[in-house]
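Both counts, for ligands and for their atoms, begin at 1 and track the order of listing.
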Amino acid sequence: MRTMELVVLGAGSILPRRDFGCAGYALISPSDEFILFDCGPGSLRALGQAGLELSNLRAVVLSHYHPDHCLDLFALAFARRNPEFEPKPIEILGPAGLLRVMAGAEQAFGRWVRDPHSKLREVDLDGSGRGQTNLGNFQLSCVRTGHNPEALAWRADCPDGSSFAYSGDTPAEARVADLAQGADLFVCECSFPDDQASEGHLSPTSAAEMGRRSGCVQLLLSHFYPSMDPEVARAEVAKLCTNRVMAARDGMRLPLRV
Ligand SMILES: [Zn+2]
Ligand SMILES: [Zn+2]
């Protein structure tokens, strides 16, 4: 029987690196329908590489509006307007700023990036920077990460009871680990080596702390800058926590549940 799966579309950063594209993750249902978490440049190409049909896309969920996480939104809108494509309605969900970003794109590129079959929705947050909403049969939760003013981490509780969490870009924040509490699969950024740690991102020591605190079953490290060797990241994090630790690769496909 098929189960929920994740395909990594891009495990890298904005800096060019062989085989490591910008952020994008497809959460795939047994029916082949999928939700895209982030849509960085190259995500559309990576969908093709992974054999995913654009017609099965149901929603895009965005973490923040740094270009490495959202630029292919405009390519997506243009693709969905192509006469060869029959668009079904989709929802694009993101933090505050989504409407501004899409309006700005239309100013830059014209009406070609306005998709009449996409519903844009900015998620509401409470006073503590947390939000909850439904996307079809999925329950989504999010929390501000502090990486930049709008950045969110997301969690999806799936119809079959499995769960997925995605840190987006984040500094070491307990609330992000708490969002991923007990998740079957937690995609957690691990941008830089410890000796080059950056304020708004994680490195192996802080990513391990996030994994430990979350108690997730599988910790999938990702968002590697060129200075971060994925295998070194995996080995260092695995020394510090008891979760099953893996390093993401573009094109990797794995079940949420093991
Ligand atoms: Zn960012
Ligand atoms: Zn990023």
Side-chain angles (χ1 to χ4, degrees), residues 6-27 35-47 60-76 92-98 100-102 104-105 122-123 125 129 131 142-155 164-173 175-177 179-180 186-194 196-204 206-207 210-211 219-230 233 237 247-252:
L6 187 82
V7 168
V8 176
L9 301 174
S13 71
I14 195 69
L15 294 177
R17 180 181 193 177
R18 183 191 296 244
D19 297 332
F20 285 89
C22 289
Y25 304 88
L27 180 63
I35 301 172
L36 203 51
F37 284 82
D38 278 345
C39 191
S43 291
L44 251 62
R45 181 169 197 268
L47 286 180
V60 183
V61 177
L62 297 159
S63 66
H64 65 305
Y65 304 112
H66 282 162
D68 58 322
H69 294 256
C70 73
L71 265 192
D72 258 9
L73 272 185
F74 318 133
L76 172 66
I92 299 179
L93 180 63
L98 179 62
R100 173 183 52 77
V101 166
M102 295 310 285
E122 296 183 351
V123 67
L125 301 181
C142 59
V143 65
R144 269 208 184 101
T145 74
H147 167 74
N148 76 354
E150 82 268 8
L152 298 177
W154 286 95
R155 176 190 180 107
F164 165 71
Y166 171 46
S167 70
D169 283 359
T170 188
E173 277 296 346
R175 59 180 181 264
V176 174
L179 180 79
F186 177 21
V187 172
C188 185
E189 72 128 287
C190 187
S191 295
F192 299 106
D194 282 323
Q196 294 172 45
S198 149
E199 222 173 85
H201 288 288
L202 300 175
S203 58
S206 49
M210 299 282 282
L219 182 65
L220 181 64
L221 304 171
S222 193
H223 201 274
F224 303 116
Y225 273 77
S227 57
M228 186 73 257
D229 180 325
V237 171
R249 285 272 173 182
D250 289 24
M252 184 185 230

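Within the 6.0 Å centre-distance limit, the rings of F164 and F37 are counted as a close aromatic pair.
Among heteroatoms of the N, O or S kind in H66, ND1 lies nearest the Zn ion (ligand 1). For the Zn ion (ligand 1), the nearest N, O or S atom contributed by H147 is named NE2.
Coordination check, H223 versus the Zn ion (ligand 2): passed, since an N/O/S atom of the residue sits under 2.8 Å. At least one N, O or S atom of D169, from either the backbone or the side chain, sits less than 2.8 Å from the Zn ion (ligand 2). At a cut-off of 2.8 Å, D68 is not counted among the residues with an N, O or S atom near the Zn ion (ligand 1). Contact annotation: H69 places an N, O or S atom under 2.8 Å from the Zn ion (ligand 2).
Side chains of H64 and D169 form a contact here, defined as non-hydrogen atoms less than 4.5 Å apart. Inter-residue side-chain proximity for Y25 and V7 is flagged as unmet; no heavy-atom pair is nearer than 4.5 Å. Residues Y65 and P95 form a side-chain contact, since some pair of their non-hydrogen atoms from C-beta on lies under 4.5 Å apart.
Checked by atom type, the side-chain pair D68/H223 shows a donor-acceptor distance below 3.5 Å.
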